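Quick caveat: nothing in here was measured; it's all calculated off a predicted structure.
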Amino acid sequence: MRTTTMPAAATALALAALLTATGCGPAAGPAARSSAASAKPDPLAGRDPAAVLRAAYEETAKAERKNAAITRTIGDREISAALTFEGESGCWGKVTVARAGTGEILMEDGRLSFKGDEGFLRDHFRDPTASYPDSGRAAWIDARTSDPSVAHLRTLCAAARPDRAYPAEPTGVRREPDARQNGKPVAVFRSKAPDGSEITDHVLLDAVPYLVKHAQQGPDAGSVEYTGVRGPAGTVSQTPPSLGS
C-alpha cells in the first residue's frame, strides 16, 4: 500500500484553518479591539453644528449641578476661579485675582458674600471712596448683587453659567476634528462671536451633548471647563487632565 506525505506548508495551513474554525486560535490583539471600538457610530453625525452647539449649552444649563474652572479677563483684572453652580442662582467657590490675592465667594438669591486674604480685599476695595472692612479676612462680607463694587464677581459667575455664556448669534459654526478627554472623544466646534472673536467649544460626544469646555478670544478673553456635570442620568464628566485641540 502506497502512502502520500502532505507537504509541511500545506499541513500548517490546514491546522490553522482547523483552529480558526473551532475558535481555538489566538485572541484578537489590542489593536484589533481598538479598531473595532473606534468604529462606534458618531451620535452627532449628520446633525447641524449650530443646533448641536446650542443643545449642548442648553443641556449643560439644565443640569442640576456642575463645577466650572474659569479664567477670565474682567476690566483690568485677570481672574481664575473654581466654581460650583447649583439651581438657578447658586454660585460659590474659590477666586484668585492675579497679582492681588485669593478669596471665596457665595452668590445666591440676589446677594453676594465674599471673604479673602489681604491682597484680595485690598484689590476689591481699591476705589478710594470704598471703606475697607474692619472685620478682616476671616469674616464674610455681604453685598447686594446690584452693588457696583462686586460687578467683577457677579460677571465671573455669569460668564461661567452656560445659559448666559452662549454667544449671541454665533456665526460660521463648524465642526472640527475631534479631541479626546480622559480617553473619551469630544466634538470640537469653532465659531465667531458678533464682535468677531474666535470661539472654540468642546462637546461630549454622546447622545446628550453636554458642554465640556468653552474658550473665547478677544477683549474679554477666557475659558470655562465644566466637570462633574450632574444631569438626570447622573454625573457625566469628571475632572479632565487636559484637552487636545
Side-chain angles (χ1 to χ4, degrees), residues 49-50 52-54 56-61 66-85 91-105 107 112 114 116 119-120 122-124 126-127 145 148-181 186-204 209-229 237 239-245:
V52 171
L53 191 57
R54 180 175 288 279
Y57 276 84
E58 291 175 348
E59 291 294 340
T60 307
K66 48 204 161 277
N67 303 319
I70 177 173
T71 61
R72 181 74 185 266
T73 300
I74 302 175
D76 62 353
R77 291 180 171 98
E78 295 177 17
I79 304 177
S80 61
L83 302 176
T84 295
F85 295 89
C91 168
W92 67 88
K94 184 177 179 180
V95 177
T96 298
V97 180
R99 299 176 295 279
T102 300
E104 295 178 62
I105 63 172
M107 187 172 75
L112 192 151
F114 62 94
F120 181 86
R122 290 289 180 192
D123 173 79
H124 184 87
R126 57 180 159 170
D127 186 328
T145 55
S149 71
V150 297
H152 61 295
L153 300 178
R154 184 178 66 246
T155 298
L156 185 69
C157 278
R161 297 190 74 92
D163 51 341
R164 299 178 188 176
Y166 187 78
E169 301 178 5
T171 58
V173 181
R174 63 192 186 279
R175 183 172 174 181
E176 299 285 350
D178 296 345
R180 298 191 74 82
Q181 175 200 329
V186 291
V188 179
F189 295 88
R190 297 192 192 279
S191 60
K192 285 185 179 293
D195 63 0
S197 302
E198 288 283 346
I199 301 171
T200 303
D201 290 296
H202 294 77
V203 174
L204 190 68
Y210 286 103
L211 184 65
V212 174
K213 184 177 182 180
H214 165 82
Q216 183 168 339
Q217 300 176 355
D220 296 325
S223 67
V224 186
E225 193 162 355
Y226 295 98
T227 62
V229 178
S237 63
T239 305
S242 63
L243 283 172
S245 56

Run the salt-bridge test on [X] and [Y] with the 4.0 Å N-O cut-off and return the result as yes or no.
| X | Y | value |
| --- | --- | --- |
| Arg99 | Glu78 | yes |
| Asp76 | Arg126 | yes |
| Asp178 | Arg175 | yes |

Contact between [X] and [Y] at the side-chain level, heavy atoms closer than 4.5 Å - yes or no?
| X | Y | answer |
| --- | --- | --- |
| Val95 | Phe120 | yes |
| Gln216 | Glu198 | no |
| Trp92 | Phe85 | no |
| Leu156 | Ile74 | yes |

If you compare all heavy atoms of [X] against all heavy atoms of [Y], which two are closest, and at what distance to 0.1 Å?
| X | Y | answer |
| --- | --- | --- |
| Leu112 | Arg154 | CD1-N, 4.2 Å |
| Val173 | Ser191 | CG2-CB, 3.7 Å |
| Ala68 | Val224 | CB-CG1, 3.8 Å |
| Met107 | Cys157 | CE-CB, 3.5 Å |

> For Ala100, which residues count as a side chain to side chain contact (heavy atoms under 4.5 Å, CB included) partner, sequence neighbours excluded?
Replying inline: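 Only Val97, Asp123 meet the side chain to side chain contact (heavy atoms under 4.5 Å, CB included) criterion with Ala100.
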>> Which residues pass the side chain to side chain contact (heavy atoms under 4.5 Å, CB included) test with Glu176, not counting sequence neighbours?
In response: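 Here the qualifying residues are Arg174, Val188, Arg190.
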> How about Ser80 and Thr71: does a side-chain donor come under 3.5 Å of a side-chain acceptor?
Replying inline: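 No.
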>> Go through it in stages, so that I can follow the logic: the residues are His214 and Tyr57, the test is side chain to side chain donor-acceptor pair (under 3.5 Å), and I'd like the CA-CA distance, side-chain angles, deciding distance and then a yes or no.
In response: CA-CA 10 Å; His214 165 82; Tyr57 276 84; 2.6 Å; yes
> For the residue pair His124 and His152, is the inter-centroid distance of their aromatic rings smaller than 6.0 Å?
Replying inline: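 Centroid distance His124-His152: below 6.0 Å, so yes.
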